[in-house]
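In this text, all values refer to a predicted model and were calculated from it rather than measured experimentally.
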Amino acid sequence: MPATPATPPPALHPYLTARHELLWDEADAFAAEHIAPRAVRMEAAPGRVERKVADLMAARGWFAVTVPPAFGGLGAGHVAKTVLVHRIACVSAAAAAILQATLIPVGALLHFATYEQKGRWLPRVAGGSLLLSIAVTEPRAGGHIGGIETTAERAGNQWVINGSKVHIGNSHLAGAHLVVARTAAPGVRTSEALTAFMVESDRHGLSVSDHRPGLGLHGFSAGRLDLDQVRVPADNVVGGIGQGLSVAQSSSILYGRPNLAAVSLGIHEAVVATTTARLNARPRYRGALSDLPVLRDRIGDMEARLRAGRILAYQSVYLLDQGLSCDADLINAKYLGHQWAMTSAQDAMELHGAQALDRDYVLQRLWRDIQHTYPPAGTGEVQRIRLADAAFDEDHIQWSERLAAEAAWARPDPTAA
């Protein structure tokens with residue numbers, strides 16, 4: 001695959017510290033050494049869950065990039081998280097998906113878990129011995145949180161959980177799942193009816209269906225969990241009884257959406273790099289395809305979208321690290337980041353002609369992978385509704401502002417290099 005920018009573009013300098021730039025270099029070197037050689041194998045064996053890449057990233061503490069040092073994490077913040085996911089996605093969106101999927105429940109623990117719970121789970125995440133998933137989506141309700149049918153009933157000092165979850169990222173790698181279930185009787189409003197539980201993967205009654213590869217992201221698992229009379233202790237409740245909606249929504253906005261914006265950005269950069277390399281190398285008349293004005297016009301559109309997506313992705317998480325209100329910016333980065341990358345991927349397919357149809361050519365993988373950044377953390381329709389709320393000044397819950405104390409991990413020192 002042609003190389004994407006080896007150093008951060010100047011347009012990102014306002015958002016990056018020297019530490020971020022070192023992390024950028026580290027992620028690029030890691031991807032070149034450990035992920036690129038495995039990417040072809042992952043693509044050739046879509047039925048296989050990639051575990052080695054997860055182990056290698058865990059050994060570097062990247063699953064705890066936003067976890068404070070007090071719990072063994074890097075405490076590096078959301079810009080740093082975006083750097084890691086973005087740079088890994090330039091080489092393999094599937095590897096980036098493994099990383100970003102655990103970062104979402106980690107964020108939920110940071111914001112809602114008790115100090116004792118953080119001490120129980122986060123050091124294991126930081127040490128690489130525990131990956132997590134967040135289990136919200138269901139077979140009938142999809143991503144509609146208000147339609148959750150999984151139930152949890154109190155039984156003494158335990159809770160008994162029954163139901164099914166689908167499209168759960170890292171389903172086959174996670175040692176524990178943050179499961180959102182209904183704990184109130186029918187008719188109770190959703191804001192008070194749901195509760196989040198940490199369910200360890202070895203709990204009796206929890207089963208994970210066999211891995212079934214999707215259209216893209218080969219090597220990444222997003223499977224089904226079935227919970228049949230699964231018992232968990234009362235101290236596995238995360239965020240308090242009735243706070244499940246808050247846990248799910250805030251995690252989706254503050255982590256899920258910017259994470260997916262970063263995955264889209266990495267794919268987008270790879271699409272543009274692959275296409276320009278192809279046009280430069282393909283002879284036509286007395287020059288190359290890249291000399292033809294009609295093709296340069298389309299490449300110009302691709303580059304414009306890429307540059308805009310890059311700014312949106314990094315500006316939004318920079319605001320989050322500053323503890324500023326930015327929910328709509330995070331939503332917009334996910335929405336437009338996917339849309340622009342998808343458009344560029346389609347343009348690239350057309351510019352490559354029949355070469356794009358070659359199963360072994362990298363562009364086909366990029367086109368399939370970008371489809372996977374549309375549904376999670378809210379489809380485009382959901383994002384537009386939320387953006388309309390912002391336009392009418394009706395987005396009353398600002399999770400970025402409400403959780404500012406936890407979100408502002410790394411306020412840059414203006415005197416720092």
Quick check: are there more than 12 heavy atoms from other residues, nucleotides or ligands sitting under 6.0 Å from NE2 of His167? no
Just jot down the side-chain hydrogen bond (donor to acceptor under 3.5 Å, both in side chains) partners of Asp226, sequence neighbours excluded, or say none. Ser164, Arg224
Non-neighbouring partners of Arg305 that pass side-chain hydrogen bond (donor to acceptor under 3.5 Å, both in side chains), sequence neighbours left out: Ser344, Asp347
Are more than 12 heavy atoms from other residues, nucleotides or ligands located less than 6.0 Å from atom CZ of Arg282? no
Which residue pairs pass the side-chain hydrogen bond (donor to acceptor under 3.5 Å, both in side chains) test when at least one of the two sits in residues 201-217, sequence neighbours left out? Glu200-Arg203
So, Asn170 and Ser133: side-chain donor and acceptor under 3.5 Å apart, yes or no? no
Set of residues satisfying ring pair (Phe, Tyr, Trp, His ring centres under 6.0 Å) with respect to His352, sequence neighbours excluded: Tyr361
Interatomic distance, Met42 atom CE to Leu217 atom CG [nearest 0.5 angstrom]: 8.5 Å
Of Ile161, Asp228, Val230, which is the lone residue that meets side chain to side chain contact (heavy atoms under 4.5 Å, CB included) with Leu206? Val230
For residues Tyr314 and His86, is any side-chain donor paired with an opposing acceptor at under 3.5 Å? yes
So with a 6.0 Å cut-off around CZ of Arg307, is the heavy-atom count from everything else above 12? no
Answer yes if the side chains of Asp327 and Ser400 hold a donor-acceptor pair under 3.5 Å, and no otherwise. yes
Using side chain to side chain contact (heavy atoms under 4.5 Å, CB included), reason through Leu132 and Trp121 one step at a time and then give a plain yes or no. CA-CA 10 Å; Leu132 304 175; Trp121 291 308; 5.7 Å; no
Sequence neighbours excluded - ring-ring contact (aromatic ring centres under 6.0 Å, His included) pairs with any residue from residues 370-395: His338-Tyr374
Would you please indicate if the ring centroids of Phe197 and His177 are separated by under 6.0 Å? no
Decide side-chain hydrogen bond (donor to acceptor under 3.5 Å, both in side chains) for Arg384 and Asn332; before the verdict, give the C-alpha distance in whole Å, the side-chain angles of both, and the deciding distance to 0.1 Å. CA-CA 8 Å; Arg384 290 193 293 273; Asn332 198 36; over 6 Å; no
For Glu394, give me all partners under side-chain hydrogen bond (donor to acceptor under 3.5 Å, both in side chains), at least two apart in sequence or on another chain. none
A side-chain contact here means heavy atoms from C-beta on lying under 4.5 Å apart; do Arg51 and His172 qualify? yes
